[in-house]
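Note that these values count all heavy atoms, side chains included, but never hydrogens, waters or copies made by symmetry.
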Amino acid sequence: MAKDSSAKPNNKESMPFQAEVKQLLQLMIHSLYSNKEIVLRELISNASDAADKLRFEAIANGALYEGDSELKIRIAFDKDARTVTISDNGIGMNRDEVIANIGTIAKSGTKEFFNALSGDQAKDANLIGQFGVGFYSAFIIADKVSLTTRRAGASEAVRWESSGEGNFTLEVTEKATRGTDVVLHLRAGEDEFLSDWKLKTIVRKYSDHITLPIVMKKSEWKDGAEVPTDDDETVNTASALWARNKNDISEEEYQAFYKHVSHDFENPLSYTHSRVEGKQEYISLLYIPSKAPFDLYDRERRHGIKLYVKRVFIMEDAEKLMPQYLRFVRGVIDTSDLPLNVSREILQSSRDVDAIKAGSVKKVLSLLEDMAENKPDDYAKFYGEFGRVLKEGPGEDFANKDKIAGLLRFATTKADTELQNVSLKDYIARMQSEQEVIYYITAESFSAAQHSPHLEIFRKKGIEVLLLSDRVDEWLLGSLTEFDGKKLQSIAKGDLDLGKLESDTEKDIQKKIEEEAKSLVEKIKASLGDQVKDVRVTHRLTDSPACLVGDANDLSGNLARMLKAAGQTAPESKPILEINPGHKLVKRLEAESADAVFTDLALVLFDQALLAEGGSLNDPASFVKRMNSLIV
C-alpha cells in the first residue's frame, strides 16, 4: 500500500492500491464469495473483533471505555439513500491503523495484535477474532464503501472511502463516539438488503451467536410498507449455547436450538454435547433428526454441520466435518483454530480437520449405539428414516466399518416381513450350532427376495437368511464381507455347501441324483448353448424346477441389472442353470424324445428361472410362443 507520510493530516488525500491488492480485490468481488449474504457476516465479525480487542486493552486501561462499557453492534438501512450501515463501539482505529489494517487485503491487524502479546496475555485473548479478510467483500453488493472510525482514547477520527477500483481516500474528521461505522452504498439491483426482515434473517442465520448484542430498530407495517420505529431490539441470541456448561442447559433449550440450527419443526431423536481438550480443542453439539429431509439422497448437498471458529459462523458443510453416510447429522462444531482459505468457505486439508471429523464421527456412532441399546423404539424410528444412508458407511469409512455394521438392521426369513429390525448380532445369536456363515440374498424388491426359489432348502431346514432389497445393499456387500468372524455368503452365487448343516445321508443322496441326471444335464447344456456358463443339479431347490445362480466371483444378477439401468457397462457374465430332477417339469423334459420340443422345454425352463430371479427376457415374444404351444 502506498503511503504519503508527508501529507497534511487535515487534507483529504487519495492513495492508490498496490497492483497485488487490485488483483485480490477483483477476485474478492467477482469470484471469491458465492453468497452475497456473507458480506454482512464479515462486517459483523470484524465489529465483534473490534469489541474483543477493546475488552482486552481495557483490562489495563479502563479509561478506553470512555464511560460506555456496554458493547454492541448496530445495523441500520436507509431506503432513500440506498445505504446499509454497520456500526460498533469497539476499539476503533487511528489513521495509521486504517492504512495498515483496512488498506490491506487479508490483514485485519489481528495477526500483529497476537504477535504483540506474550505469556498469559495470549491466553486471556482467546476470544479475539483472527480473520477480517472479508472487509472488501462489501464491494460485492456496494459500489462505494465509507468507513468512519475513531480509536478509543483518541480525539480525531478518520474517514476512509473507496469505490473498490484504483484508489481510496483518507481524511481526518470528527466522530463523537469511539468505534467504526461502515456505510455500504448499494449497487443497482441489490435492494433486497434494504429490508428489515432480510437483514434480521441474515443476522440470525450467520451471526446469531456472536456474543455481542446486534441491535436494529424495530419495524412496523404501515400502508403496506416497513416503517422503522424509535425502539431498539436485539436481533441475535448473543449467547453461544454450545459453549455453556451442559448442566446449565435445559432439554427445552437443546430442542429449541436444534430447530434453529436445522430449520426442522420436530424435536430431534437424540443429541450429543461434548467439549474436547488437548491437541485439538473444540466443542461439538450434534443432533440426530427424527425425520429425513427431502434432499437426503442428494449427495452433492453441502449443509448439515455448522462450523464456528471462536463463536463466528464460518461455513455449513457436511462433507468436510462429517462423512457422507452421516449427512443427516445436524449441529455445530466450534473450534479455537482451524486453517481456512481467504474466503473462509473451503476448509484446507489438515490434521486438525481430520481429527475433529474423526472425533465427531465416533461421537455420533456411540450415540446411535446407545440409542439402539437403550431406546430401541427411537432407534427403529431412526433406522426407518436413515437406515439406507447408514448402509453406505462400511464402504466409505473403513476405520469404523465394524461399528457401523453393528448398527445395521435387516429383514430376514425369520419374521418374513419387510421390516428391517434384525441386527447381525441378533442373527449370529440365532444361528444353528453347525452353521458357519451368514446367509443372504439380494433382489430388486422385498417380494422378489422373499419368494426367491433359492430360499427353498433354507426354509426347509429352518436356516435364517437375510433378505436384502435396498439398492444400496449391493454396494454394502462389496465392503462388508464378514462380521464378528462370520463370513457373509450369498445363497445365489457359487456352489452351495451347507457343510455340517447337511447329514452324510443327504450328501450321499445328492451324489446319486447327480450321477443319474448326468445325461439330462449334458443334453440341456447343449440345447441352451452359450446362454449359460454351465448346467448342474441343484442343492437349493425343493419345489421349483430350476434356478439361475452366479459364479462365486461374478456380479450378482441383481447388481448387473442395476448397473445396466444406470447406464453403466457391467462385466459380461453368464449364469449357471441349476435343475431339480425331482420336479415334474424336469421329468417331462427328460422323457421328451423329440429334439425340437426338448429344446423348447429347456428354453422355457431357463426363461422361467430368469424371470423368477427378477431378470428380463431378451425375447419375450418367443417365450410366449413356446408357452402357448406347450399349453395347447
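The number of heavy-atom neighbours closer than 6.0 Å to CZ of R388, taken from other residues, nucleotides and ligands shown, is 12 or below. Counting heavy atoms of neighbouring residues, nucleotides and ligands inside a 6.0 Å radius, atom NZ of K401 exceeds 12 of them.
Classification of K36 and E190 as a salt-bridged pair holds, one side-chain N sitting under 4.0 Å from a carboxylate O. The existence of a salt bridge linking K461 and E506 is confirmed by a sub-4.0 Å separation between a basic side-chain nitrogen and an acidic carboxylate oxygen. In this structure, E369 pairs ionically with K403, as a charged nitrogen and a carboxylate oxygen lie closer than 4.0 Å. Salt bridge status for D416 with R459: present, with a side-chain N to carboxylate O gap under 4.0 Å. No salt bridge links E502 with K507; every basic N to acidic carboxylate O contact stays at or beyond 4.0 Å. The residues K306 and D334 are annotated as not salt-bridged, no charged nitrogen and carboxylate oxygen being separated by less than 4.0 angstrom.
D473 contributes a side-chain N or O that, together with a main-chain N or O of S469, makes up a donor-acceptor pair within less than 3.5 Å. Side-chain N or O atoms of Y427 include one that pairs as donor or acceptor with a backbone N or O of E464 at under 3.5 Å. A donor-acceptor pair is defined here as one N or O able to donate and one able to accept, closer than 3.5 Å; no such pair exists between the side chain of E522 and the backbone of I524. E456 places a side-chain N or O within donor-acceptor distance of the main-chain N or O of S544, the cut-off being under 3.5 Å.
Residues Q608 and M627 meet the side-chain proximity criterion, which asks for heavy atoms closer than 4.5 Å.
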Distance-only check: which donor-acceptor pairs under 3.5 Å involve side-chain atoms of residues 282-291, not counting sequence neighbours?
unit_1: S284; atom_1: OG; unit_2: S274; atom_2: OG; d: 3.0
unit_1: Y287; atom_1: OH; unit_2: Y254; atom_2: O; d: 2.8
unit_1: S290; atom_1: OG; unit_2: E266; atom_2: OE1; d: 3.3
unit_1: S290; atom_1: OG; unit_2: N267; atom_2: O; d: 3.1

Quiz item: Going through the checks in order, is the ring-ring contact (aromatic ring centres under 6.0 Å, His included) test met by Y258 and Y271?
Solution: CA-CA 9 Å; Y258 165 75; Y271 58 86; 9.3 Å; no
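In terms of the ring-ring contact (aromatic ring centres under 6.0 Å, His included) criterion, Y383 has no residue partners (sequence neighbours excluded).
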